[in-house]
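All remarks here apply to the structure that follows.
Any value given below was found using the heavy atoms of this structure, including those in side chains, with hydrogens, waters and symmetry copies removed. Every chain is numbered from 1 and lettered A, B, ... according to where its sequence line falls, protein lines coming before strand lines.
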Number of protein chains: 2
Amino acid sequence: MVEKEKQILAAALRLFVAFGFHGTPTSKIAAQAGVSNGTLFHYYKTKEDLVIALYNDIKAELGAYLSAQTGGQDSLETRLKKSFIHSLYWALDNQDKFYYIQQFHFSPHLAKISPEVIAAQSRVHLQLIEEGIAAQLLMPLPVQLLFTLVSSQVYGLYQYLADPAFPADQRTAVIEEAFALLWRMIKK
Amino acid sequence: MVEKEKQILAAALRLFVAFGFHGTPTSKIAAQAGVSNGTLFHYYKTKEDLVIALYNDIKAELGAYLSAQTGGQDSLETRLKKSFIHSLYWALDNQDKFYYIQQFHFSPHLAKISPEVIAAQSRVHLQLIEEGIAAQLLMPLPVQLLFTLVSSQVYGLYQYLADPAFPADQRTAVIEEAFALLWRMIKK
DNA sequence: GTCTATATCTCGATAGAC
DNA sequence: GTCTATCGAGATATAGAC
């Protein structure tokens, strides 16, 4: 991916998050990226192409980050905890991107992403939970249900921690506490 | 609110959920509502006015429904459970409306809603949790944190249950189970 | 690959009769 | 209050020179 492409994606991210898909014309994206309107449409055939490319780019980045953190031979609890913590840190350090994912998720654009691609994104997490159930460390419940409960706790906790009024230096303590609660909930 | 107004809101809900804010022109809303373009703008000065009015209408309906379920002298656990269950049932029975709330939430329109109004919506839930902490029934944690954890579990469980592949006759059982897990997590 | 210039279209909003 | 008709703005996307 060349420089201009990155600039376009970066500008699109900023503007979409600030003004929504509707509220940001391609002309403004091009202007903020420092390229002409024509160049933007050289890289992305349509505006929707751009919206989707941005989503895929962010998802790929998040996926790469998380799998880089997946150490090896820790206990299951530790691996789950690391995954929990790093998801939160990534979200807190990349709030625009995290917001964009959710904005995209609640938009008709989501229909353009194939179900297989979406499923692939959570596969590694599902496997972790499956392993925990098989080893009788986690409650014997449907994998999807446990996964949903864990994920939604990440989302919820993010909302709590992302509040500008919340002191950043207390984040770690709250995350630790929240994971302890989560573990209490899902452990067998 | 007169008949035509309701028809406009109903059409707007259907279309916004299906095609997004951008993807649904006011002309289509008017057509689906069976009124003319001019009439739509008689009731709502701008398209954004309509978007916001729809949000407030849905929120009011949800608020009315939930407070109607708030019985009186049950135990705190039971009241919390009822609130949990009824939130879920409302969401499952009003999926378009629930989706719209979230779609609105992840859009720039949210900025047009005053923080006081948003805070008022969760006041009753916060009080319940506050009471639980004071009575030493719940973990001694920040009220907002516990509220966030409970809410996000509702959202997450909703996603799980709203999946068309999930058999509707097993909903109650899963909701019961999920509340038991939740209670295990937050009880002192 | 990048730009300028512009075609084409659609949408939100208004005017004014009834 | 409701309609028809329409204006003007601004959007996406393309054409074609460099």
- [ ] Establish, yes or no, whether a centroid distance under 6.0 Å links the rings of B/Tyr99 and A/Phe106.
- [x] yes
Open item on the list: Under 4.0 Å, counting only non-hydrogen atoms across every strand here, what does B/Val2 touch: a base, just sugar-phosphate, or nothing?
Closed with: nothing
Task: All side-chain contact (heavy atoms from CB on, under 4.5 Å) counterparts of A/Thr148, not counting sequence neighbours - done: A/Gln144, B/Tyr160
- [ ] Under 4.0 Å from any heavy atom of chain B: name the first and the last nucleotide of DNA chain D that qualifies, 5' to 3'.
- [x] D/dG1 to D/dT4
Task: Those residues that, when tested against B/Glu177, pass salt bridge (Lys or Arg N to Asp or Glu O under 4.0 Å) (two or more places apart) - done: none
Open item on the list: Show every side chain to side chain donor-acceptor pair (under 3.5 Å) that has at least one partner inside residues 14-23 of chain A, sequence neighbours left out.
Closed with: A/Arg14-A/Gln32, A/His22-B/His22
Task: Contact list for DNA chain D against residues 12-34 of chain B - heavy-atom distance below 4.0 Å - done: none
TODO: Give, ordered by number, those residues of residues 42-50 of chain B having at least one heavy-atom distance below 4.0 Å to an atom of DNA chain C; if nothing qualifies, reply none.
DONE: B/Thr46, B/Lys47
- [ ] Sort and list the pairs that fulfil salt bridge (Lys or Arg N to Asp or Glu O under 4.0 Å) and have at least one residue in residues 144-165 of chain A, not counting sequence neighbours.
- [x] none
TODO: With sequence neighbours left out, write down each residue that passes side-chain contact (heavy atoms from CB on, under 4.5 Å) with B/Lys28, or none if nothing qualifies.
DONE: B/Leu15, B/Pro25
Let me check something: any side-chain donor-acceptor pairs from residues 113-127 of chain B under 3.5 Å, sequence neighbours excluded? List them with distances.
residue	atom	partner	partner atom	Å
B/Ser114	OG	B/Glu116	OE1	3.3
B/Ser114	OG	B/Val117	N	3.3
B/Gln121	OE1	B/Lys59	NZ	3.4
B/Ser122	OG	B/Ala119	O	3.3

Do any side-chain atoms of residues 130-140 of chain B form donor-acceptor pairs under 3.5 angstrom with protein atoms, and if so which ones, sequence neighbours left out?
residue	atom	partner	partner atom	Å
B/Glu131	OE1	B/Arg79	NH1	3.4
B/Glu131	OE2	B/Arg79	NH2	2.8

TODO: List in chain and number order the residues that pass side-chain contact (heavy atoms from CB on, under 4.5 Å) with A/Val154, two or more places apart in sequence or in another chain; answer none if no residue qualifies.
DONE: A/Phe84, A/Ser87, A/Leu88
Open item on the list: Can you list everything that forms a side-chain contact (heavy atoms from CB on, under 4.5 Å) with A/Lys47? Sequence neighbours excluded, please.
Closed with: A/Phe16, A/Thr26
Task: Interatomic distance, B/Phe41 CZ vs C/dT14 P [rounded to whole Å] - done: 8 Å
